[in-house]
Structure formats: C-alpha cells, structure tokens
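Below you'll find the structure, written out as structure tokens, and then a few comments.
In what follows, chains carry the letters A, B, and so on, assigned in the order in which the sequence lines appear, proteins first and then strands, with residues in each chain numbered from 1.
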Protein chains: 2
Amino acid sequence: MSIDSVHMNVMLKTEAIARLVDVFRQYGYDGTSMAKIAEATGLGKSSLYHHFPGGKEEMATAVLDYLSQCLNTGLLAPLQQSGEPLDRLRAMNRNIDQYYNHGQKACLLAMLAMGESSDRFRTQVSHILNSWIEAIAEVLIEADFEPELARQRAEDAIIQIQGAIILTQGLSTTAPFKRILNHLPETLLQPVIPSGLL
Amino acid sequence: MSIDSVHMNVMLKTEAIARLVDVFRQYGYDGTSMAKIAEATGLGKSSLYHHFPGGKEEMATAVLDYLSQCLNTGLLAPLQQSGEPLDRLRAMNRNIDQYYNHGQKACLLAMLAMGESSDRFRTQVSHILNSWIEAIAEVLIEADFEPELARQRAEDAIIQIQGAIILTQGLSTTAPFKRILNHLPETLLQPVIPSGLL
DNA sequence: GCTACTGTACCGAACGTTTGGTACACTCCA
DNA sequence: TGGAGTGTACCAAACGTTCGGTACAGTAGC
C-alpha cells in the first residue's frame, strides 16, 4: 500500500464519516438504517462493510471519534488560545451557534446519551462531554475562579446549551437558543455576588 | 355496554399506557418495538391493535396525552395552589426529582422533540412544553416579575432541567441534576441586579 | 328462560417489508 | 498479478401490521 493510497483511503473514509454525522444526529442510532447510510455516503453495502467491518455500531463509534476530533479543533482550540477569557468564550459560542444551526440541528451527544443505545457509547459520550467541560473550566480558572466553581459553571454551560437545543426543537423557535448563547459568556464570567448584598 | 365494563376498559387501557411511558422514554420511538410493547403491557400484539388501531404511532400519541395529563395533575397543580412562590416551586421540584429519578430516567419530551420522529409529535410536545413554561411563569408573575422576564426565566428553568438530564445521563452522575434542581427555586426568584452594582 | 345476535377483549399465526449482515465474482490500479 | 474496492444477489431475523378466530358478557325477541 503506497502513501498515496493511504491518504486516499483516509480522505474518503473520513468524508464518509463526516456525512454520517448528520444522519445519526438527525435520526438517532435506531432510526438510522443501512439504507439511509448507503444513500448519505453514496457507497454500497459491501463498500461500507469493507470500511467498517463492525457494521453499524462501528460506524457510530467512528462518528463519535470524528466528533471528538472536531470538538478539539473547532471548539476547544479557540478556548486555549491567548486573549481575554470573554473573547475566547465568545469565539466558542460563534462555533456552537454555527454547528448547531442556531439550535435547529440536534445534538448527537444528547441523542446517544439518552435512549436504548446509551450503554454502547457511554464511554465515548462521557469522554467528549468531560473534555468540553474541562476546556471551559480552564478558561474560568484563568479568570481567577476557584477550580470547583469553574467546573460547576462549565457544567452549567453544557447544561444550558443542551437544554436550549431541546427547547428550540420542541418549541420550533430558535429564540431560546440564541438568548442562552448570547448571555452565556457574561454569565460564566459573572463575579460571585457577596451574600450580604441580597 | 354496561357502566362497569366501561370503567374496566378505561382502567385497563390507561394502565397499559402508563406502562408504555417508561418503554418509550427508555428506548425512544424507533427503539421501541411492538415486541417490547407487548411484553411491557402483557398484551398480545393483535390485542394492542384492538385498543390502538393507529398502531405504534397512536400508542406514542396516547402516551404523550397521558403525560400531558400527569403534568397538569402532578407538576402544575402544586404551582397553582396558594402559598409562597418559593414553596410552590420547591414542591414542583420534589415531583420532578422523583419523576426523573434524579435525572437518571430520560425525558420522553426530549426523546420525541429530537430525532426522526420529531415531526409527528411536534404539536403535542410543543403544547406540553408551553403549558409547563406558562405555569412557572405565572408563579413568577405573582412574585412581581415582569411578564416577559417571567417567561424567560421559566424557559430557563425547563432548559436547565432538560440539560441537566442529558448531562446526568452522559456523565453517569446524578450530581449535576441534583445541583441544578436545588438551586432552581432561588435562582428563579432571584431579584434583578441593578447594573450599577457591577 | 331459552335462543339468537352483538360487541368487546384477546390471541396465535401469518402477512409483506425492512432490518443488519454475508458470499462471491468482478473491476481497477499499482 | 495481487490486493483494495465495489456491485449483485442473497440470507435469517426482526419489523409493524393484519388475519381469522375464540371466549364471553350483554341484549333482544319469543
């Protein structure tokens, strides 16, 4: 096998995986049939089983791996650059808004975290969520928050993003998602209110 | 048909529906097969079609109707009673914590709001979510919040609950759900901070 | 009070279709 | 010429659904 063919394979396979992301997150694991997979990738069954001997489950696993990589390069990288914490959080938000199409696109993590198939992908889902949370928490720690509070607020960020997606889909309005995303950076960096003020 | 037999039928059918709630919210719409439905209800497949001529889709619809009724009697009723707003919100929270088993049980609304089957149940899901939001908003309006802000905070409550369920399932920890639920009543009633204080 | 009829609840078995997955011969390119 | 990749045909199993039929309670007519 030459270097070129290796590159070709990787290219084509990752492109197929990239197309599968949208299929799985639109229909869920059970709702995604081999017919839909074949149509989305333009590949026949035999080709699919050639690239993914493990079948449907391996495809979903590959999709999660791909998503984890996208998370690192697209979402977390901006967080780890230099600059004001507020600016870095806003950069992440722009990517989130684009990726989820203002909350109209379902979240694959949520689809696989809930439901029958949850056990199979629990490890991967948990890993991706933790990476995301920790990346946000580190920014908050840099902004002089206590590590414990930083972790809590980072979790809150994910909670609000995921919840906003559900509400956006359930109410067929992008308003909640946009509002949450707009407030998120300032909310995360909001100073702790001394209890004496209340 | 006698009165007794009517009552028998209604009883049995709603009991079947009650059992189906957990099946649908555990496996999702696509993941719920007629075999699982038959097992959960103790009825044969053909008997199910006697009660639900519309098949699987009618069963899911019935489950959503049942859930809407449960929401009104179990969650919203405490909100509409007399008493301090804070106490009423805490009463709702206790029911939520119990119903979702500390976030370990998936939310059927979320399962049906996302995914392939979303279009079929959009109307019902939207209606249930709106009822829930409006019930919370009314409590906040009674607590002297502006209607617009009350609606926003009520939406935030649902967002946080739904997001917390996802995170709880994704991370296999009930900690986020418990923390969110504990803070929720106070957060909802937290006075608006004059911008001059920041 | 007996009979015939009706409606409801339920079931086993089968329906046709789709599922995820396999076997194998073929092409293409190094 | 040999291995990677693909198209065709195929499989058993499961899918949601329908069929024909049984059991039984209630009702009406005689």
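Contact annotation: side chain of A:Ser47 to base of D:dG5, donor-acceptor pair absent below 3.5 Å.
Rounded to the nearest 0.5 angstrom, B:Gln152 CD and B:Ile159 CD1 are separated by 9.5 Å.
When rounded to the nearest whole Å, the span between CG of B:Leu48 and P of C:dA13 equals 17 Å.
For the OP1/OP2 pair of D:dT6 and a distance below 4.0 Å, the side-chain nitrogens and oxygens of A:His51 include at least one atom meeting the criterion. Distances shorter than 4.0 Å separate none of the side-chain N or O atoms of B:His50 from OP1 or OP2 on C:dC11.
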TODO: Encode nucleotides 15-21 of chain C as B, S and - characters from 5' to 3', where the letter depends on protein heavy atoms closer than 4.0 Å: B to the base, S only to sugar-phosphate, - to neither.
DONE: ----SBB
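Nearest heavy atom pair, residue B:Gln124 against residue B:Thr61, reads NE2-O, 3.2 Å. When all heavy atoms of B:Gly163 and A:Gln162 are compared, the pair lying nearest together is CA-CB, 4.2 Å. Minimum interatomic distance between B:Asp30 and A:Gly31 (heavy atoms only, all atoms of both residues): OD2-CA, 3.5 Å. Residues B:Ala135 and B:Leu76 approach most closely at CB-CG, 3.5 Å, considering heavy atoms.
Because its NZ or CZ atom is both nearer than 6.0 Å to the ring centre of A:Tyr29 and within 45° of the ring axis, A:Lys56 counts as a cation-pi partner of that residue. A cation-pi contact, defined as under 6.0 Å to the ring centre and within 45° of the axis, is absent between B:Lys36 and B:Phe24.
Residues from residues 19-26 of chain A that place a heavy atom under 4.0 Å from any atom of DNA chain C: there are none.
The shortest distance between side-chain heavy atoms of B:Tyr100 and B:Arg25 falls below 4.5 Å.
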